Amino acid sequence: MTRIRKAIFPVAGLGTRFLPATKAMPKEMLPVVDRPLIQHVVDEARQAGIEHLVFVTGRNKSVIEDHFDRQFELEVTLVERGKKAELTLLSEDLPEPGTVAFTRQQSPLGLGHAVWCAREIVGHEPFALLLPDVLVQHPRGCLAQMMDAAADLDPKANIIAVEEVPMERVHMYGVVGVGAPRGKAFAITGMVEKPKRAEAPSNLTITGRYILQPEIFAILESQAAGAGGEIQLTDAMVALARTQPFYGLKFEGRSYDCGSKIGFLSANVAYGLERPDIAPELRQEIRRLLGEK
Ligand code: G1P
């Protein structure tokens, strides 16, 4: 498969489920331990070899742009105070100049529309798409696992990360139909966005990580609104699947839906428990809160 250089991050969502926290602050900037959600997802993309970050933003999202830029006053203060570790941390996270692009989704018309808004920046090459609501905890990262799987597939392959959920939850996601295995992946036989339980082709849902071919943009251009009255990426993928192969990958690792309060809180605990500097005390504190010794 052609090397994937660019990744799209749709960050225009309103974050209404986290009000009032998200009244003045984008939900993508909520911290999971000490890194904003969006930084965790960017980390995953960089780990998979992504070189160019494309953010589809909206109004009130300018702090995301600031987050991926230098902060001179802060740097000067840290230098004056001799805070070397903090300075290193900031410089490690800073993208190379010219490798970050921002474009605005002017109206909240759906995920498909957000992806389409990035068409001029991505151009005619396959790209990754990472939804910042979803965190996947795994040493290799989810997108890197998809890149590994892609290496064995046709150059025009589209790949989607999928995971099993209980049948009573399938109506909240995009759901795929399962065909023949192909290397680490399997052929996708159909896709439905937010199906009723009886209409779901399986209990394998789309996790929010995609490798897509650029032909999706021409389809999105005229894609009609679907589930929830929004322009759905899943509907455009169904159309693209008529001419290009689609594969699903059951990735390793645990996903957290940080668009929900429980998912977000669980991610904070899980990521905290992975950090050697925090884990022992956090473990003790959790035991105490649960009334255990
Ligand atoms: C989007 C996608 C859906 C996918 C989900 C994963 O839905 O449309 O196919 O399963 O993300 O989180 P949303 O959560 O934006 O409604």
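Both counts, for ligands and for their atoms, begin at 1 and track the order of listing. For clarity, every value in this text was computed on a predicted model and none was experimentally measured.
Nearest non-hydrogen protein atom to atom 1 (C) of ligand 1 is Leu131 CD1, 3.9 Å. From the protein, the heavy atom lying nearest to atom 16 (O) of ligand 1 is Lys194 NZ, 2.6 Å. Nearest to atom 8 (O) of ligand 1 among the protein's heavy atoms is Glu193 OE2, 2.8 Å. Closest protein heavy atom to atom 5 (C) of ligand 1: Ile206 O, 4.0 Å.
Taking each heavy atom of Leu135 and Ala267 in turn, the nearest pair found is CD1-CB, 4.4 Å.
Set against the non-hydrogen atoms of Thr234, the atoms of ligand 1 under 4.0 Å away are 9 (O). Taking every non-hydrogen atom of Val134 and a distance limit under 4.0 Å, the qualifying atoms of ligand 1 come out as 12 (O).
For ligand 1, the polar-atom distance check against Gly174 finds a nitrogen or oxygen pair separated by under 3.5 Å.
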Steps toward side-chain contact (heavy atoms from CB on, under 4.5 Å) verdict (Trp116, Gln105): CA-CA 9 Å; Trp116 178 75; Gln105 182 186 23; over 6 Å; no
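Taking 4.0 Å as the cut-off, Asp133 does not count as a neighbour of ligand 1 on heavy-atom distance.
The presence of a protein heavy atom under 4.0 Å from atom 11 (O) of ligand 1 is confirmed. There is no protein heavy atom less than 4.0 angstrom from atom 14 (O) of ligand 1.
Contacts with ligand 1 closer than 4.0 Å are made by no heavy atom of Asp257, backbone or side chain.
Checking side-chain atoms of Thr207 against main-chain N and O of Arg209 turns up no donor-acceptor pair under 3.5 Å.
Partners of Phe55 according to the ring pair (Phe, Tyr, Trp, His ring centres under 6.0 Å) rule, which considers only residues two or more places apart in sequence or in another chain, are Phe9, Phe68, Phe102.
With a 4.5 Å cut-off on side-chain heavy atoms, His171 and Lys194 do not count as touching.
Rounded to the nearest 0.5 angstrom, Thr205 OG1 and Glu193 CD are separated by 10.5 Å.
Under the 6.0 Å cut-off for aromatic ring centres, His40 and Tyr271 qualify, their centroids lying closer than that.
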All N/O donor-acceptor pairs, side-chain side in residues 173-184, below 3.5 Å, sequence neighbours left out:
from	atom 1	to	atom 2	distance (Å)
Tyr173	OH	Arg169	NH2	3.2
Arg182	NH1	Tyr247	OH	2.7

